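Shown next, in structure tokens, is the structure this report addresses.
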There are 2 protein chains.
Amino acid sequence: MTSIRQSPKQPEVLRRKLLACTAQLAAEQGINAVTIQAVAAAAGVTKGGLFHHFPSKEKLIEAVFRDQIEQFDGAIEALLADDADTHGCFSRAYINVVLQLSDNPLIAQSLSVISDTALCQIWSDWLRDRLTRHQATDASIELEVIRYAADGYWLADLWKVDSAIRQEREILRLHLINATMKAP
Amino acid sequence: MTSIRQSPKQPEVLRRKLLACTAQLAAEQGINAVTIQAVAAAAGVTKGGLFHHFPSKEKLIEAVFRDQIEQFDGAIEALLADDADTHGCFSRAYINVVLQLSDNPLIAQSLSVISDTALCQIWSDWLRDRLTRHQATDASIELEVIRYAADGYWLADLWKVDSAIRQEREILRLHLINATMKAP
DNA sequence: ATACACATACCGCGCGGTAGGTATGTTGAC
DNA sequence: GTCAACATACCTACCGCGCGGTATGTGTAT
């Protein structure tokens with residue numbers, strides 16, 4: 001049988017494509033739709049090709065999760081570059097990034113809903129690390145409330161609640177952004 | 001072969017036990033551990049027995065989800081009985097119930113993290129219904145923020161973030177309760 | 001010639017689901 | 001009160017399929 005292999009790509013390219021396809025599949029069709037073969041097919045590759053980059057499905061999911069957090073962290077760092085060492089700078093950046101996640105459908109952060117213990121640990125570790133790192137510029141309790149509210153806002157987006165109460169959500173969002181700028 | 005069937009139970013009893021076992025299994029071992037056989041075994045019954053009560057796994061999960069929402073709704077209604085027709089009464093009740101969920105490990109609300117479209121719709125429908133029902137006693141935007149913050153608080157609990165920043169969470173929680181009482 | 005980056009072909013297992021059997025409870029005619 | 005007739009509430013045994021994973025082949029670049 002003649003091979004229909006296309007021109008070889010940079011290995012890192014396919015790896016990133018697999019990560020993206022996994023995230024997209026999870027976001028659009030739910031986590032149950034994320035199978036090895038479905039991901040491979042979406043990336044235009046076979047299972048063998050996928051397993052060349054990731055040793056197991058578990059590691060693939062974990063890699064996607066870490067990648068999502070990395071993007072999230074990068075967006076926060078970018079904001080922190082302009083607003084560092086002020087009180088509550090981390091929470092402000094966090095809030096702004098989270099509130100923008102809904103706009104940005106490309107980030108399939110919805111994959112985060114996987115209730116896997118190991119993945120929770122990764123997120124928990126990241127958050128604790130950032131909180132302790134910025135504890136010198138601690139936020140006020142009012143700003144912390146807004147940070148938690150932003151998480152709730154994101155959660156409502158995950159659960160497609162916005163389709164029911166779209167305009168109320170927009171009002172709330174603007175209020176959160178406004179309150180964030182005022183709070184210390 | 002002699003049957004080892006135990007004394008027959010009320011049908012509704014086993015049905016509720018199956019719902020409870022499914023929720024517990026999902027909460028303790030993750031959604032991946034929820035298989036038909038695992039649930040049946042946990043309830044001390046065979047697969048055949050389970051399928052007598054639920055036509056498919058999908059329907060079982062949905063039933064568990066609806067049951068959880070029903071319990072959640074019941075707790076809110078109980079609080080509304082003492083505080084009805086005041087401004088923001090629904091949001092106040094909602095906040096108090098959500099903030100108590102973390103204390104109460106028995107409610108395996110963590111099952112809600114299933115990113116299934118149909119389940120999201122159930123939750124979305126419930127919330128929209130309650131919001132429109134209580135729109136005559138609309139809450140202030142400040143109280144709405146607290147309601148979203150309560151969701152975020154619950155989400156942090158799901159992701160086991162509390163293990164890292166337990167005392168900060170307790171402070172925040174008290175602040176949320178306090179602010180809820182003050183807000184209109 | 002060697003290492004890499006895939007493709008091909010296959011395996012075993014556990015899953016959701018089904019078919020049919022068997023105790024137990026319930027009803028109603030007499 | 002008795003007993004047939006039926007419905008209920010499970011159990012037993014089985015099936016097919018799709019999944020994650022493996023072993024091995026093959027084209028390409030250096």
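Predicted, not measured: the structure shown is a model, and the values here were computed from it. Proteins come first, then strands; the chains are lettered A, B, ... in the order of their sequence lines, and each starts at number 1.
- For Leu14(B), taking side-chain heavy atoms from C-beta onward, the closest of the listed nucleotides dT8(C), dC10(D), dC6(C) is dC10(D).
- At most 12 non-hydrogen atoms from other residues, nucleotides or ligands lie less than 6.0 angstrom from CD of Glu58(A).
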Test ring pair (Phe, Tyr, Trp, His ring centres under 6.0 Å) applied to Phe65(A) and Trp123(A), step by step
CA-CA 9 Å; Phe65(A) 194 78; Trp123(A) 168 258; 7.5 Å; no
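- When the side-chain nitrogen and oxygen atoms of His52(A) are compared with OP1 and OP2 of dC6(C), none of them lie within a distance under 4.0 Å.
- Only one option out of Leu172(A), Leu176(A), Ile171(A) pairs with Glu144(B) in a side chain to side chain contact (heavy atoms under 4.5 Å, CB included); it is Leu172(A).
- Counting only residues at least two apart or on different chains, the salt bridge (charged side-chain N to carboxylate O under 4.0 Å, His left out) pairs with a member in residues 59-71 of chain B are Arg16(B)-Asp67(B), Glu62(B)-Arg66(B).
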Give the B/S/- string for nucleotides 12-19 of chain C, one per nucleotide from 5' to 3', where a protein heavy atom under 4.0 Å of the base yields B, of only the sugar-phosphate yields S, and otherwise -.
---BBBB-
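- Remark: side-chain polar atoms of Lys17(A) are not paired, donor with acceptor, to backbone N or O of Ala42(A) under 3.5 angstrom.
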